[in-house]
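Taking it in order: structure first as structure tokens, then the write-up.
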Amino acid sequence: MNSAKAEEYLRKIKEGQVPSHVAVIMDGNGRWAKKRGLPRIAGHKAGLHTLREIINCADEIGIKIMTFFAFSTENWKRPPLEVRFLMSLPEEYLQKDLPALMEKNAVVKVIGNYNRLPRRTLNAVSHALQATRDNTGLIVIFALNYGGRAEILEAVRNIAAKVARGELTPDQIDEQLLADHLYTGGIPDPDLLIRPSGELRLSNFLLWQMAYTELWFTETLWPDFKREHFLEAILEYQKRDRRFGGIKK
Ligand code: IPE
Ligand code: IPE
Ligand code: MG
């Protein structure tokens, strides 16, 4: 695909409505590196370039919220060296890119279980959250040590504790209340999920929130994923008929 194609996509996209919230599973870094005879961590590093390009493009076309899956609760199963490298990436990325994010007026948010993140990663994250909290532009959410089931479980425990303390009654528990107790409380559900690298699964990502999300998959590996792939996904999204269980108007 070439940039002329991307410009054509862009023209078409401008005729319709862009999704408000796009979630991305950044996958395929390891295979990208393997294909080149490089260590897996080289793939993770290359993936950072894609992240930058996609954030720029999302901002350019007026998307309001981007959520990126960076590290799952299951990724701790990987070799310690790879885990350590993955944990160093938020720090590297946020330190280098915070000025650019500030310039975009972007807000950084993080979802996931913070407890197990190394101190240095936590410090970088806290700094970025603090620095961007009053910005009003694109919201960039990173899922770090995130698992959809763990998130729902934590929400249920918190709600149960409120019931036990007499702050809530069981009949006050509805979908909205549960949603408000998730890490994503207050954030609208994703309209579109993009998963590169050919895997056709959710891998425990935003299970509650993606009940009605449109899914878009591509064989392209995350480090090879470019602006034109992103625009292609948005254009495809615009052609979908979202019925939410209703019937076509
Ligand atoms: C995604 O790439 C990065 C993380 C899961 C942290 P992978 O490392 O899963 O790459 P593949 O799937 O092995 O190619
Ligand atoms: C999902 O990718 C997690 C992230 C991208 C952070 P994985 O590579 O871990 O998922 P599986 O193991 O293929 O399902
Ligand atoms: Mg993978």
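By convention here, the first residue in the shown sequence is residue 1. In listed order, ligands and their atoms are each counted from 1. We use all heavy atoms of the structure for the numbers below, so side chains are in, but hydrogens, waters and symmetry mates are not.
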Quiz item: Backbone or side chain, does D27 get an N/O/S atom under 2.8 Å to the Mg ion (ligand 3)?
Solution: yes

Quiz prompt | Taking every non-hydrogen atom, the tightest pair across Y146 and Q209 | solution = OH-OE1, 4.0 Å

Self-check item: Heavy-atom side-chain contact between T67 and H21 under 4.5 Å
Solution: yes

Practice problem: Could you list which atoms of ligand 1 come closer than 4.0 Å to a heavy atom of R40? | Solution: 7 (P), 8 (O), 10 (O), 13 (O)

Quiz item: Do E199 and ligand 2 have an N or O pair less than 3.5 Å apart?
Solution: no

Quiz item: Among E232, R242, E214, Q17, which one satisfies side-chain hydrogen bond (donor to acceptor under 3.5 Å, both in side chains) with Y237?
Solution: R242

Quiz item: In this structure, which one of R157, E154, K162 forms a side-chain hydrogen bond (donor to acceptor under 3.5 Å, both in side chains) with H181?
Solution: K162

Quiz item: Got the closest protein heavy atom to atom 10 (O) of ligand 1, with its distance?
Solution: G30 N, 2.9 Å

Self-check item: H44 near ligand 1 by a heavy-atom separation under 4.0 Å
Solution: yes

Exercise. Using a strict 4.0 Å cut-off to heavy atoms of R31, name the atoms of ligand 1 that fall inside it.
Key: 11 (P), 12 (O), 14 (O)

Exercise. Describe, in one word, how the ring planes of Y212 and F244 are oriented to each other, choosing from parallel (under 30°), tilted (30 to 60°) and perpendicular (over 60°).
Key: tilted

Quiz prompt | R195, portion touching ligand 2 at heavy-atom distance under 4.0 Å | solution = side chain

Quiz item: Counting heavy atoms only, which part of R78 comes closer than 4.0 Å to ligand 2: side chain, backbone, both or neither?
Solution: side chain

Practice problem: Output yes when a side-chain donor or acceptor of R31 lies under 3.5 Å from a complementary backbone atom of S197, and no otherwise. | Solution: yes

Quiz item: For ligand 2, which atoms sit closer than 4.0 Å to a heavy atom of F71?
Solution: 6 (C)

Quiz item: Looking at F142 versus Y93, is the centre-to-centre ring distance below 6.0 Å?
Solution: yes

Quiz item: So, the side chain of N145 versus the backbone of Y114: is there a donor-acceptor pair under 3.5 Å, distance only?
Solution: no

Quiz item: Side chain, backbone, both or neither: which part of M26 comes within less than 4.0 Å of ligand 2 when only heavy atoms are counted?
Solution: backbone

Quiz item: For ligand 1, which atoms sit closer than 4.0 Å to a heavy atom of N29?
Solution: 1 (C), 2 (O), 3 (C), 7 (P), 10 (O), 14 (O)

Quiz item: Under 3.5 Å between some N or O of ligand 1 and some N or O of W32?
Solution: no

Quiz prompt | Numbering as shown, the atoms of ligand 2 that approach I25 to under 4.0 Å (heavy-atom distance) | solution = 1 (C), 5 (C)

Quiz prompt | Cationic tip of R116 above W76 ring, under 6.0 Å, 45° of axis | solution = yes

Quiz item: Heavy atom under 4.0 Å from ligand 1: found in N75's side chain, backbone, both, or neither?
Solution: side chain

Self-check item: ligand 1 contact by G28, heavy-atom criterion under 4.0 angstrom
Solution: yes

Self-check item: Proximal atoms of ligand 2 relative to R201 (non-hydrogen, under 4.0 Å)
Solution: 11 (P), 13 (O), 14 (O)

Quiz item: Do side-chain atoms of S72 reach the backbone of N75 as a donor and acceptor pair under 3.5 angstrom?
Solution: yes

Quiz item: Does the pair K96/E92 count as a salt bridge with the N-to-O cut at 4.0 Å?
Solution: yes

Quiz item: Hey, which atoms in ligand 1 end up nearer than 4.0 Å to a heavy atom of L86?
Solution: 6 (C)

Quiz item: Should one rank A70, S203, S72, G47 by closest heavy-atom distance to atom 11 (P) of ligand 2, which comes out on top?
Solution: S203

